[in-house]
Undergrad: 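One structure, pasted below without further comment.
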Amino acid sequence: MLDVRRLRADPDGVAAALARRGLDRSEVAKLVELDAAARAAAQERDEARADVKRLSKEVGAARKAGDPAADRLQGESRARGEQAGQAEARATALDEELRRLLLVTPNTPDAAAPDGAGPEDNRVVRTWTPTGVPFNEAAYQACQRVPHWEVAAQHGLLDLERGAKLSGSMFPLWRGAGARLLRGLTSWALDRHTTDPGPGPVWEEVRPPTLVKTATMVATGHLPKFEDDMYHLERDDLWAIPTAEVPLTSLARDELLDAADLPLKLCAYTPCFRREAGSAGRDTRGLLRSHEFDKVELMAVATAEQALGLQAEILARAEGLLRELGLAHRILDLCAGDLAFSSMRTFDIEVWSPGVGAWLEVSSVSWYGDYQARRAGIRHRVEGGGTAVAHTVNGSALAWPRVVAALLEAHRQEDGSVRVPPPVRPWVGGLSRLG
RNA sequence: GGAGGGAUGGCCGAGCGGCCGAAGGCGGCAGUCUUGAAAACUGCAGUCCGGCAACGGACCGGGGGUUCGAAUCCCCCUCCCUCCGCCA
């Protein structure tokens with residue numbers, strides 16, 4: 001949620017920033033007008049209430065003293081109270097309208113985010129290959145150019161037909177070594193983040209609930225705007241999380257944290273649920289897109305000063321995992337027009353899938369400024385007094401299905417078997433080959 | 001699912017319809033003392049909104065209501081605890 005005070009102080013600046021992601025300037029003007037009207041009504045209400053308080057005290061004193069003026073004062077107080085009530089009703093209606101609009105107004109892109117309208121304008125920051133030579137699609141062998149759903153079928157790693165029987169399409173069912181590999185990747189990544197300190201303290205492992213309340217979904221910006229993309233259990237009014245970012249962010253919801261508690265570095269494996277409404281038939285083969293998938297997420301609550309360093313750490317950790325897996329990948333600096341709703345600056349990580357012949361997004365590392373924390377009510381004390389709204393940062397390290405897709409293809413040998421990258425072997429019973 | 005008990009500041013906890021933004025404690029900050037720390041003592045300090053400020057308003061789980069006036073009385077909801085039932 002944008003800071004209304006910033007809207008007041010610099011409406012043109014906010015409008016210009018939001019215009020970079022395609023928002024019309026009149027939207028901001030509407031917010032500013034509503035805010036002014038709401039404040040005027042609130043002031044009227046406060047003045048009337050101040051009178052009621054003063055008069056009520058006088059009524060009490062007069063009654064005690066047997067002063068006949070008490071009845072008159074009581075009448076005045078009642079009349080003023082009615083005015084306060086009317087002003088209150090107006091102020092509340094205006095506040096609600098303002099909040100309703102703010103909740104569907106996206107965050108302002110950071111000035112450093114590149115200009116652009118869509119995915120084609122994202123900037124490639126760097127590309128990494130296992131051999132160190134510049135990325136070249138043509139360098140991949142014929143044995144690597146087999147789509148992962150064929151590799152998986154060959155070795156019995158996935159049973160997509162059975163998955164569809166149980167739950168419908170885009171609900172993959174993992175079997176045998178495939179299931180084990182998936183579990184191994186999760187355990188390996190969690191251990192890396194929770195024991196390898198990297199540039200700072202390790203990340204605390206959390207196992208949050210995966211069904212959450214509406215307020216939890218609103219805090220991160222997933223509701224109300226993206227309701228159609230979420231699974232909702234109507235009977236209990238619970239939502240299936242689309243990412244661990246949702247419960248992890250709400251861990252600190254409505255809390256006032258000590259500066260010493262920051263940064264709060266959290267790490268979680270969870271299944272993630274996405275309805276993918278409107279994406280039916282688009283890049284949905286095999287593991288490219290599914291309704292339920294496993295992901296390890298890193299999420300931090302931080303001060304403004306700490307936030308960018310943590311974003312860099314998450315990005316470095318995610319890249320580090322892909323390097324250890326020996327998978328070619330590239331980092332994208334998302335342009336203003338392609339940024340997610342709540343984000344100020346996002347780096348996507350895409351892994352090369354030689355069998356599909358495409359870059360696949362496996363992580364999105366975002367800095368939200370104080371946008372999410374304001375929605376979520378996450379504040380911290382500031383040295384020297386006062387409080388500040390926290391910053392939030394998060395990213396996947398990593399989302400597994402597409403990583404596995406790339407792995408099954410890139411590490412496929414001429415004999416059709418798939419090499420298991422060394423760091424994961426201890427997690428899959430020492431296996432060095434699948435098939 | 002049934003019965004009962006709770007929800008008050010960063011945390012714990014007291015609170016007669018007006019003198020309650022709220023006792024007390026812990027924790028925090030500053031100082032005295034100390035080589036330093038601890039202890040002890042003294043003092044300061046809730047959060048949010050509006051306002052340059054003076055100041056005004058809101059907030060005692062959430063929402064309604066009664067009243068000139070509600071932390072306090074009434075209604076609804078949510079959450080937590082205990083017991084029973086069910087159960088991985």
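In what follows, every chain begins at residue 1, and chains take the letters A, B, ... in the order their sequences are listed.
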Undergrad: At under 4.0 Å, does any side-chain N or O of A/Arg45 touch on OP1 or OP2 of B/rA58?
TA: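 Answer no for this pair, as no side-chain N or O of A/Arg45 is under 4.0 Å from OP1 or OP2.
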
Undergrad: Reckon A/Arg63 touches a base, only the sugar-phosphate, or nothing at all at heavy-atom distances under 4.0 Å?
TA: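 The residue A/Arg63 makes no contact with any strand.
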
Undergrad: Ignoring backbone atoms, establish whether A/Arg39 has a side-chain N or O less than 4.0 Å from OP1 or OP2 of B/rG51.
TA: yes

Undergrad: Any ion pair linking A/Arg192 and A/Glu324 (charged N to carboxylate O, less than 4.0 Å)?
TA: yes

Undergrad: Go through B/rG18, B/rG57, B/rC48 for me and flag the one nearest to the A/Ser56 side chain.
TA: B/rG18

Undergrad: Would you indicate which nucleotide in B/rC68, B/rG10, B/rC48 comes nearest to any side-chain atom of A/Val52?
TA: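 Taking heavy atoms from C-beta onward, the closest nucleotide is B/rC68.
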
Undergrad: Look at all strands and tell whether A/Ala42 reaches a base, only sugar-phosphate, or nothing, counting heavy atoms closer than 4.0 Å.
TA: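 The answer is nothing, as A/Ala42 stays clear of every strand by at least 4.0 Å.
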
Undergrad: Measure from the side-chain N and O atoms of A/Asp159 to the backbone N and O of A/Arg162, and report whether any donor-acceptor pair falls under 3.5 Å.
TA: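 Yes, A/Asp159 side chain to A/Arg162 backbone: donor-acceptor pair under 3.5 Å.
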
Undergrad: Mapping A/Gln43 and A/Lys57 to their closest nucleotides on RNA chain B, which lands nearer the 5' end?
TA: A/Lys57

Undergrad: Which nucleotide in the set B/rG10, B/rC79, B/rG57 lies at the smallest distance from any side-chain heavy atom of A/Asp46?
TA: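 Given the options B/rG10, B/rC79, B/rG57, the side chain of A/Asp46 is closest to B/rG57.
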
Undergrad: Identify which nucleotide among B/rU47, B/rG57, B/rC68 has an atom closest to any side-chain atom of A/Arg78, counting heavy atoms from C-beta outward.
TA: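 Of B/rU47, B/rG57, B/rC68, B/rC68 is nearest to the side chain of A/Arg78.
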
Undergrad: If the cut-off is 4.0 Å, is A/Arg381 near the phosphate of B/rU47, judged by side-chain N/O to OP1 or OP2?
TA: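 It does, given that an N or O in the side chain of A/Arg381 lies less than 4.0 Å from OP1 or OP2 of B/rU47.
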
Undergrad: Below the 4.0 Å mark, does B/rC20 have OP1 or OP2 next to a side-chain nitrogen or oxygen of A/Lys53?
TA: no

Undergrad: Which nucleotide in the set B/rG50, B/rC48, B/rC68 lies at the smallest distance from any side-chain heavy atom of A/Arg8?
TA: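 It is B/rG50.
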
Undergrad: Where is the tightest heavy-atom contact between A/Ile241 and A/Pro247, given as atom of each residue plus distance?
TA: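 What the structure gives for the nearest pair is CG2-CD, 3.7 Å.
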
Undergrad: With a 3.5 Å cut-off and no angle check, do the side chains of A/Asn107 and A/Ser342 form a donor-acceptor pair?
TA: no

Undergrad: Closest approach to the side chain of A/Arg5, judged atom by atom: which nucleotide of B/rC49, B/rC68, B/rC19 is it?
TA: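 Side chain of A/Arg5 sits closest to B/rC49.
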
